[in-house]
Amino acid sequence: MSDHQDYDLIIIGAGSGGVRLARMSAQRGARVAVVESRYLGGTCVNVGCVPKKLFVYGAHVSEDLEDAAGYGWSFPRDQVKFDWPTLVANKNTEIERLNGIYGRMLENAGVTVIQGSATLADANTVVVGDDRYTARHITVATGSWPVIPEVPGKECILTSNEMFYLPQLPREAVVWGGGYIAVEFAGILAGLGVQTTLLYRGDMFLRGFDDDIREFTAQEMRKKGVDLRFGVTIEAVESDGAHYDVILNDGSRLKTGLVMAATGRRALIDGLGLEKLGVQISESGHVVVDEHFQTAVPSITALGDVIGTPQLTPVALAQGMVLSRRLFGDGNGEMDYRCIPTAVFCQPNIGTVGLTEAEARKAGHQVSVYRSEFRPMKHTLSGRDERCLMKLVVDAQSDRVLGAHMVGPDAGEITQGLAVALKAGATKAQFDSTLGIHPTSAEEFVTMREPVA
Ligand code: NDP
C-alpha cells in the first residue's frame with residue numbers, strides 16, 4: 001500500500017449516520033467520499049421515518065373530518081374523497097426535495113458522492129464498478145433491510161419498502177408482525193379506510209414497551225377498527241393473481257388484497273466482502289464493533305443499523321458525530337444509550353423514555369407507579385371514544401423518575417421534553433413542582449399525585 005490515499009475517509013452508505021459522519025468529518029478538514037447505491041438520505045428519508053409520518057398525517061385526516069361535526073362543521077359525506085395516488089405523488093415530490101437537500105449539503109461540505117455498489121478489495125480500498133478508491137479510514141454505514149420469514153408464497157408478501165410506492169390501496173390488508181412498523185402501517189391502512197388485520201405471533205404485541213402501554217394501545221387500535229389477532233402467525237400465502245389466501249398456523253385462512261410483513265430488519269452487508277478482510281459478523285448478522293465503532297480491522301469502522309444498536313435515526317446521527325470526533329477531532333465524547341426517547345406513530349401515538357415498570361422492577365428498584373387515563377379534551381365535543389394514558393415509573397427510594405410512557409395524540413412531541421428531564425435525573429418532586437400548561441394533555445405528567453402501585 002502506498003502512503004498516498006485518495007481520501008481520508010470513505011463512507012459506504014449515505015443514510016442518516018453516513019451523511020452526518022461525512023459532513024462533520026469534511027468540516028474538520030478531512031477529504032471524504034460517500035458511496036451510495038440507491039438514494040441519498042437512506043431508509044429514514046426514502047422508505048422510513050419521513051414518508052411514514054406523511055402517511056400517518058394523511059391517514060389521520062379521516063378522523064379529523066369525522067371529529068369536525070361536533071365542532072359544528074358539516075359537509076356532504078359523499079363529497080369526501082380520498083385519492084391514494086395523489087398522496088403517494090405528493091410524498092414522492094417531498095422526498096425528491098429532501099434528496100436534493102442531502103445532495104447539496106454533501107456538496108457544500110466538500111464531500112464527493114460516488115454512485116454505485118461498493119466492495120472492499122482490502123482494508124483501505126473500495127471498489128465501485130471499474131473504479132478503485134483508497135482511504136485511510138473506511139466506515140460501513142449501509143443500514144438495514146426488511147426481512148420476510150421463509151414461508152411458501154413469500155414472494156407475494158410486501159414490506160414497508162414497497163408499501164411506500166403501492167399503486168393502489170386494497171380493500172383489505174393483512175399486516176404481519178407486532179413491532180414499530182406493523183402497528184404504524186396498520187394505523188395508516190385503517191385510517192385510509194382499508195379493512196386491516198394485524199397478526200402477531202406472541203400474546204401481546206409491542207414487546208419491549210411497558211405492559212400498560214401495550215394493552216392500552218391494543219384497546220385503542222381495536223376501537224379504530226383494526227382487527228388485532230395475537231397468538232397467530234402466517235404459515236403460507238397463496239395467490240390467484242388478484243387476491244391472497246393467508247394460511248395461519250391455527251389452520252384458518254384469511255382472504256385479503258395485500259399481505260405486508262413487518263417482521264424485523266437485518267443488517268445490509270451483502271457483497272461488501274467484510275468477512276474476507278477479517279471483520280467479524282455476529283450471529284444476528286450485524287457488524288461487530290467496540291464502543292468506538294471499531295471493527296476487528298483497524299482501518300474499518302461501522303455505525304448505524306448495521307451494528308445492531310437501536311435502529312433509530314437519532315442514534316445513527318449521534319454515532320456519526322461521535323465517530324467523526326474520534327477520527328478527525330479531539331476524540332472526546334462517547335455514545336450514551338440510556339434514556340433513548342422514542343415514539344411509535346401508530347394511532348394514537350406512543351411516546352416512551354426510560355425504563356418500563358417491568359424493567360425497573362427487574363433492575364431491583366423499589367417502584368412507585370403513577371398513572372392517568374382520560375379522554376382528551378378535543379373529544380369532549382367530537383364525541384370520539386378515544387382515551388389517553390400517561391404513566392410515570394419512579395424509584396421510591398431516590399424519588400428519581402425512571403420512565404415516562406404515554407399513549408395519545410402528540411405523544412412523540414410530549415415525550416421529547418420529558419426525555420430532557422429524565423436525562424437530567426429529575427425527581428418526582430421536581431415534576432410535581434413544575435407548573436402545568438393548561439389546558440393540555442401534557443400537564444397530566446406534572447399533576448399525578450397518588451401512586452397506583
Ligand atoms: P421490530 O423488531 O420492531 O418488530 C418485529 C416484529 O416482527 C416483532 O413483533 C416480532 O415478534 C415479529 N417477528 C420477527 N420475526 C418473526 C417471524 N419469523 N415470524 C413472525 N413474527 C416475527 O421490527 P420492525 O420491522 O417493526 O422495525 C424495525 C426497527 O425499525 C424497529 O425496531 C425500530 O427500531 C425501527 N423503527 C422505528 C420507528 C420509529 O422510531 N417510530 C418506526 C419504524 C421502525 P417478537 O416480538 O415475538 O419477536
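Bear in mind that the values here come from a model prediction, so they are computed numbers and not experimental data. Remember, it's 1-based here, ligands and their atoms both numbered in the order they're listed.
Partner Lys391 forms a salt bridge (Lys or Arg N to Asp or Glu O under 4.0 Å) with one of Glu357, Glu373, Glu215 and no other, that one being Glu357.
When Cys44, Pro149, Pro314 are ranked by how near their heavy atoms come to atom 18 (N) of ligand 1, first place goes to Pro149. Evaluated by nearest non-hydrogen atom to atom 31 (C) of ligand 1, the leading choice among Tyr180, Tyr200, Phe209 is Tyr180. Here the shortest heavy-atom distance to atom 41 (N) of ligand 1, taken over Gly412, Ala182, Ser144, Ala343, belongs to Ala343. When Gly179, Gly264, Ser160 are ranked by how near their heavy atoms come to atom 23 (O) of ligand 1, first place goes to Gly264. Considering only non-hydrogen atoms, atom 17 (C) of ligand 1 lies nearest to Arg201 out of Arg207, Arg201, Lys52, Glu184.
Within the listing of ligand 1, atoms 20 (C) sit less than 4.0 angstrom from a heavy atom of Thr233.
In terms of N/O distances under 3.5 Å, ligand 1 is approached by Gly178.
Shortest non-hydrogen contact noted between Glu238 and Arg253 is OE1-NH1, 3.4 Å.
When heavy-atom distances to ligand 1 are checked against a 4.0 Å cut-off, Phe205 has no atom that comes that close, whether in backbone or side chain. By the criterion of a heavy-atom distance under 4.0 Å, the side chain of Leu312, and not its backbone, is placed next to ligand 1. By the criterion of a heavy-atom distance under 4.0 Å, both the backbone and the side chain of Gln311 are placed next to ligand 1. Contact annotation: for Ile181 versus ligand 1, heavy atoms closer than 4.0 Å belong to both the backbone and the side chain. In Ala262, the part holding a heavy atom less than 4.0 Å from any atom of ligand 1 is the backbone.
Residue-ligand proximity: Gly202 is placed with every non-hydrogen atom at 4.0 Å or more from ligand 1.
Annotation for Arg171: atom CZ does not count as buried by contact number, only 12 or fewer foreign heavy atoms lying within 6.0 Å.
Side-chain atoms of Trp176 do not come within 3.5 Å of backbone N or O of Ile148 as any donor-acceptor pair. Remark: the backbone N or O of Met448 is not paired with any side-chain donor or acceptor of Ser372 at under 3.5 angstrom.
Taking OH from Tyr244 and CG from Leu258, the interatomic distance works out to 7.0 Å, rounded to the nearest 0.5 Å.
When ring centroids are compared, Phe205 and Phe230 come within the 6.0 Å threshold. A centroid separation of less than 6.0 Å is found between the aromatic rings of Tyr180 and Phe209. Aromatic rings from Phe164 and Phe55 are positioned such that their centres are separated by under 6.0 Å.
Taking atom 14 (C) of ligand 1 as the reference point, the nearest protein heavy-atom neighbour is Thr263 O, 3.4 Å.
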